[in-house]
Each structure stands twice: as structure tokens, then as C-alpha cells.
**Student:** 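I have a structure here, written as C-alpha cells, and I will follow up with some questions on it.
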Protein chains: 2
Amino acid sequence: MKESTETPSERNASRITAMDVAREAGVSLSAVSRVFTPGASVSAKMRVRVMEAADKLGYQPNVLARSLMTQRTNLVGVILANFKNPIYLTVLDHFTRALQARGLRVLLLNVSDGQDLEEMARLVLQYSVDGLVVSAGSISPHITEQCHKRRIPLVAFARRPRRANLHVVCADNAAGGRVAGARLLQSGHRRFGFMAGPSTASTTIERGKGFRAAIEEAGQGVIATTHAREYTYTAGVESARKLLSRAERPDAVFCANDLLAMALMDVARDEFGLTLPRDLSVMGFDDVDLAAAASYRLTTIRQPLEAMVQETVDILSHRINTWSEGWETRQLACTAVERASIAEPPPD
Amino acid sequence: MKESTETPSERNASRITAMDVAREAGVSLSAVSRVFTPGASVSAKMRVRVMEAADKLGYQPNVLARSLMTQRTNLVGVILANFKNPIYLTVLDHFTRALQARGLRVLLLNVSDGQDLEEMARLVLQYSVDGLVVSAGSISPHITEQCHKRRIPLVAFARRPRRANLHVVCADNAAGGRVAGARLLQSGHRRFGFMAGPSTASTTIERGKGFRAAIEEAGQGVIATTHAREYTYTAGVESARKLLSRAERPDAVFCANDLLAMALMDVARDEFGLTLPRDLSVMGFDDVDLAAAASYRLTTIRQPLEAMVQETVDILSHRINTWSEGWETRQLACTAVERASIAEPPPD
DNA sequence: CTGAAAGCGCTAACAA
DNA sequence: TTGTTAGCGCTTTCAG
């Protein structure tokens, strides 16, 4: 007496299934499925009949059950390590928008500090994501191999891993560093310094390499380098104090990111009484919103974040649909943003 | 000749299932399931036998298939509208960490600008999320009702919706506004201004209300208010110009968030030649990282973001496990952070 | 403690 | 175009 008269809401907290809709509309289960499958062949009247029943019951297809059959979840895992650098909020903005526009959803994972990337990658794979983007410390061979075996496109974002058995999208950091060097050479200042981020960060390494190359090719040298423990304003302050306390104080400093640059400018003015840019030319990297603030007017190198995200999403959605062997690397050019943190050379 | 000799990797891009493991270990499918189900009763030797086979094959349980049975996805939808205010990166940091610590994952949705909240909520519900947090414009009755019917706990974060048929976690913005007013009253300045965000934002409304109350209770009045079109530095610059161009220029301004405050300070110094805080006292809200920068030293009101996230996650995980009727509102106190952007009253 | 069998909600052949 | 019938990969009674 119970089983047949049981309504859906009694059975399970009002979870309406396609079966309920089929019953309501007096059609088969597959008819309902077809109506909710884009591009399936259904007659017009079948469609309205089903839709009416569906609307009446408030039916929503269960995408998880669907995924089980289709082997497609429309989920993309995004693993991030840096939740302190504001550019990553912009990155997330672009990613969510671009992916949403293609019908994909973002499963966001945080691997900063204590979290283990290896473990998180494992977790995200359990959700059968269709693609994975990682912008975090070293991506282990195990992860890349796992993704490859399961045919899940994996792209390293804004990071350049040693091995290249995955897709890579990043800015041309070395070239950006060169541009910074070239620009600083025009300041007339000659005691070059580099305020780096953590020494393991690929961004620090490449930006520094490009910067040094430019300086050295001009017959000059980088006389001082400090590494901030992380890419934040606070860490920048400590680092700036060290840099400016050197016996031979640098007067033209390239900072591996804008937050460090802003810290350097503040410390220089506030604690060392320097007048900027007369006594110190500063160049940043990223072009965060506040780099344009009147307090800084920071001349900096901008990464094409939106384009980078676009490339990443392109790679993903293409490879999701048609898996193919091989990996691609897309390196995008940075552009200099001229403001007022670099000295004019004295008119000779 | 094909079906029986077919290995898993031939059948499907090496997607190892529990069945494969069972076969490998020479045990039943349910045995494998039990081994991967915390708290199921399995003998020790069964466990090692299954684990060996699983490790050998590189088996990872498919959580989606599991969800279909358990009616639990361990997914929490997070819908955000503001990807320009850096505090939301902090919020995401806390959310991902706190949820990950409880075995929950974040499905991140962006509803800024063009995106439709109603539509996104629908999409996220299709993934059978176990809970939903929304920090975005007005949450429609339809959404709340839908969540309620499906017994999905829904919490409005840092936002106070009109209707209260959902959980709410937010800072006590009105009280924060009062504190700001009280503090500004001590500056000796008497021409009070309010630099608001968008007039529809509940934060602007409540912070402004509290501020005005404090000023008026002291027998003073707020003589000027401007609304920035959004909570960004750039919008703040425009807004600051308007505010400072008033015939009767305010000299004690409460800004609805730090970015607006920083813009105001910059415009005041740079375009109006004011000396701060002598000519203008400024108070902010949020305490973003850069509020502490030497260029600003902004006295501000801090929202307890981490605690707010913690409360939200508490509500969610509690209600996920034991659904109960009724909604709770948790309003957390803000704290003032004293720095140097407010004038000392003249010694009388 | 273990295995067999019945689903979770849906899609995808296959016939009709 | 439609309905019937198998599953997708897993959990969960229910016997043994």
C-alpha cells in the first residue's frame, strides 16, 4: 500500500527525477531525456508536453547522473597557490567568466601553505574534471602522468615547469625582465638592484634572468639582489630595508612584482628620506590596480592576464573535445606601462 | 574474441573502476567499496588485499558515482559578484581552506556584470551541491525556495537580504559605521562627509546609516555624500573629485571601503594640495593589506573576514549533516584599526 | 565479515 | 520520432 502511492516528495525530499516527469507527461523516460539533450530528435508536441510536466514539477536534470553516462562533467579544476597577490583575483574573474561562457564550471582548490598539491590533484581528479589548470608550485610527474593516462588536459598557468609533459601558458617573463632592464638603463641611474620574490618561483628566476641580461649587455652590472619571502607588500618592506641598507645603495631597482615595488617606494621615502624618482628609480611587474595610484605612479610591466586565460581556456576546450597527443606552450608578450617612477636622465 | 579479453585500458582510456580492482584482488565488488568507505566493517586482510590491487591498478574511486547513491557530493557552491575588491581574494582563501579542511570542495561561480544570478544558482543546483553561499546582489525568493525545497542550506555572505528565509553571516556594518563616526568626531574636524559605494549595496546603506547616526547624535551633520559607481580605486578617484569640489568642502570623511579612502587621500594630496591629516581626516573600511602602507596609514574598520567564513562553514556543515527548519543570522563585530589618517584635535 | 543483487538518475543503442 | 533495455561506477540492503 505504500510503494505505488508514494509521491516523489515523500520518497526523497522532493528530488524530482526524469522518471517523475515522464510519468506526469505520460511518456517514456527517454523522451524526457531527449527533450533535455540539445540536438536530439524530438517532435514539437512531445517537447511542449514534456516541458509542461517538467515546469509543473520544477524538474532540473541531475548533471552528475548524466556525467556518469556521458563521461563529461563540464567541470574544470583550478588549483591556485597564491591568494595574496591581487592579480589572482583578476585571474579568477577571467577564468570563471571564460569557462562559464563555454558551459564549464570551476572547481577551485587552494594549495597555499600547508596544503599538498599532490593530494589536491588527486581529489580533484576523483571528481572526474574534464580539464585541469594549475598555477602552483612544482607539478609532479605523477600528476602529469595521471592526467595523461586519463586524457585530462592539464595546463600550467603563469608558471614554467621544468619538464614539458603538459601544456603551458605564461607571460614571457624573461623578455619582460629585459624590457625592465632597458627602461631602467635610460634613467641615468647606474647602481642596479633586483628585488626578487621567493628564489624558487619561476617568475622570479626568469624575470631576473632577463633583467640581468639587459643590464650586462649594456656593460653594467646588477650590484644588489634581495629575495622577499613572498610576493606581498609586507614581505617587500623587509626586503626593501635590506636592499636600501647596503653600503652601496642601488638607485635603479627592478622589482619582481608591483607589491614589492610599492613597498620599496614607501620604505625609500618614509624610512630613508629619499626623493623619488630623483634618488631612486623603481620598476614593477604586473600592473595591479593600485600601481596607477597617485601615491605610486609605478612604471611597470603588464602581463596580458586576460589573453593568458583565454589561451588556457582555448587549449582546454579544444583538447577536451578532441584529445590529441603532444603538448603546447604559449608564451605571451608583456607590455611596458609608462608612469612616473623612473628618473629622467640628466640633460648632458 | 574481443569482449572477454578486453582490458580496462582498452575499454576506456584506462579508467579503472572498483570492478577492475575486485577482479584483480579476486574479491567481490562490495568488498572493494567497503574498503574505501570509512567506517565499514572489513577484515584486516581483506583491506590489504584490496588496497594492494587498488594501488597496483592506480584505482581512484569515482566520487560522482558515489554521490548518486549517497546523495552527497561534498560540493559547496560559492557565488561571488565582486572580483574587483581584494578582500574577496582573502574571502576565497579562507573559504577554500575551511571547506577543504572539512572535506568539502568549492564550486565557484561568477555573477558579476552580465551574468545572471538566478541562472547561475540554477546551474549550481544541477550539480547537487550540498550547500550554497552567495555573496552577490539580491537573492530572489525563487532561489531561496528552491534551496529550501531541496534541503540545501543557503547562506548570504557579507550581505543582508531583505527577506530572511535564508541564513545570513555578515559584519555589523551599522555598528562599524558608528565607530567610524565616533572616531572622526574626535579629530576636531567638523565638516563630515560620506564617500559611499553603489547606493544599492547593503554595505553602503548600513555603514552610512551607522555613521550618520553617530554624527547626528553628537549634534553634528553629514554635509556631503557621494556615491562611487563601484568599490574600486578608479571609481573612488572620480568620486573624490566631486566630493572635494563641493563649495563647503568636507574635512572629515568616512569612506565605505578602503579603496575609496585611498583614492580620496591621493586626490586630496595630489589634486587639491591638501596636507593630510591636517586638512582632511579619512577613515576607511575593510583593512586591506595596503591600508597599512606608508603612503596611506589608513585608520579603518576591519571586518572579521576569517571569523565570518568560519561561521558560514559552521552553519553549512552543521545543516548539511542534520537538516533543520529555521534560519539563523550571525552578525559579527568589526574592530577599529588605528593608524594615522585622522587629525589630532588641537590642544584647546 | 563477505557476496549477490538492486538500485541512484541519467543516456545511448536498438528496435519498433 | 518514440519506447525498451542496458548500463555508467558506485553503495547498500539482505542473505549467508
**Student:** Would you check if A/Arg72 and A/Asn74 make a side-chain contact, meaning some heavy-atom pair closer than 4.5 Å?
**Tutor:** yes
**Student:** If you draw a 6.0 Å radius around CD in A/Glu328, do more than 12 non-hydrogen atoms from other residues or ligands fall strictly inside?
**Tutor:** yes
**Student:** Using whole Å, report how far CG of A/Leu64 lies from P of D/dG9.
**Tutor:** 14 Å
**Student:** To the nearest Å, how far apart are A/Arg23 CZ and D/dG3 C1'?
**Tutor:** 16 Å
**Student:** A/Gln126 has an atom CD; how far is it from atom P of D/dC10, in whole Å?
**Tutor:** 10 Å
**Student:** List the protein contact pattern of nucleotides 11-16 of chain C with one symbol per nucleotide (5' to 3'): B for base contact, S for sugar-phosphate-only contact, - for none; contact means a heavy-atom distance under 4.0 Å.
**Tutor:** BBB---
**Student:** Roughly, in whole Å, what's the span from CZ in B/Arg150 to P in C/dC8?
**Tutor:** 17 Å
**Student:** Checking B/Asp93 against A/Lys84 for the salt bridge (charged side-chain N to carboxylate O under 4.0 Å, His left out) test, could you report, in this order, the C-alpha distance in whole Å, the side-chain angles of both residues, the deciding distance, and whether it holds?
**Tutor:** CA-CA 8 Å; B/Asp93 188 15; A/Lys84 295 230 171 111; over 6 Å; no
**Student:** Using only side-chain N and O atoms of A/Ser28, determine if any of them is under 4.0 Å from OP1 or OP2 of D/dT4.
**Tutor:** no
**Student:** Specify the separation, in whole Å, of atom CG of A/Asn62 and atom C1' of D/dC8.
**Tutor:** 13 Å
**Student:** Measure from CD1 on B/Ile16 to P on D/dC8 and round the result to the nearest Å.
**Tutor:** 14 Å
**Student:** Write out all pairs satisfying ring pair (Phe, Tyr, Trp, His ring centres under 6.0 Å) with one or both partners inside residues 138-165 of chain B, taking only residues at least two apart or from two chains.
**Tutor:** B/Phe95-B/Phe157, B/His148-B/Trp323, B/His148-B/Trp327
**Student:** I want to check one thing: is the phosphate of C/dG9, taken as OP1 and OP2, less than 4.0 Å away from some side-chain N or O of B/Gln71?
**Tutor:** yes
**Student:** Between B/Asp113 and A/Arg97, does any side-chain N to carboxylate O distance fall below 4.0 Å?
**Tutor:** yes
**Student:** Should we say atom CD of A/Glu306 is surrounded by more than 12 heavy atoms from elsewhere, each under 6.0 Å from it?
**Tutor:** no
**Student:** What is the separation between atom CG on B/Leu57 and atom P on D/dG9, rounded to the nearest whole Å?
**Tutor:** 14 Å
**Student:** Nearest-Å distance, OH (A/Tyr127) to C1' (D/dC10)?
**Tutor:** 14 Å
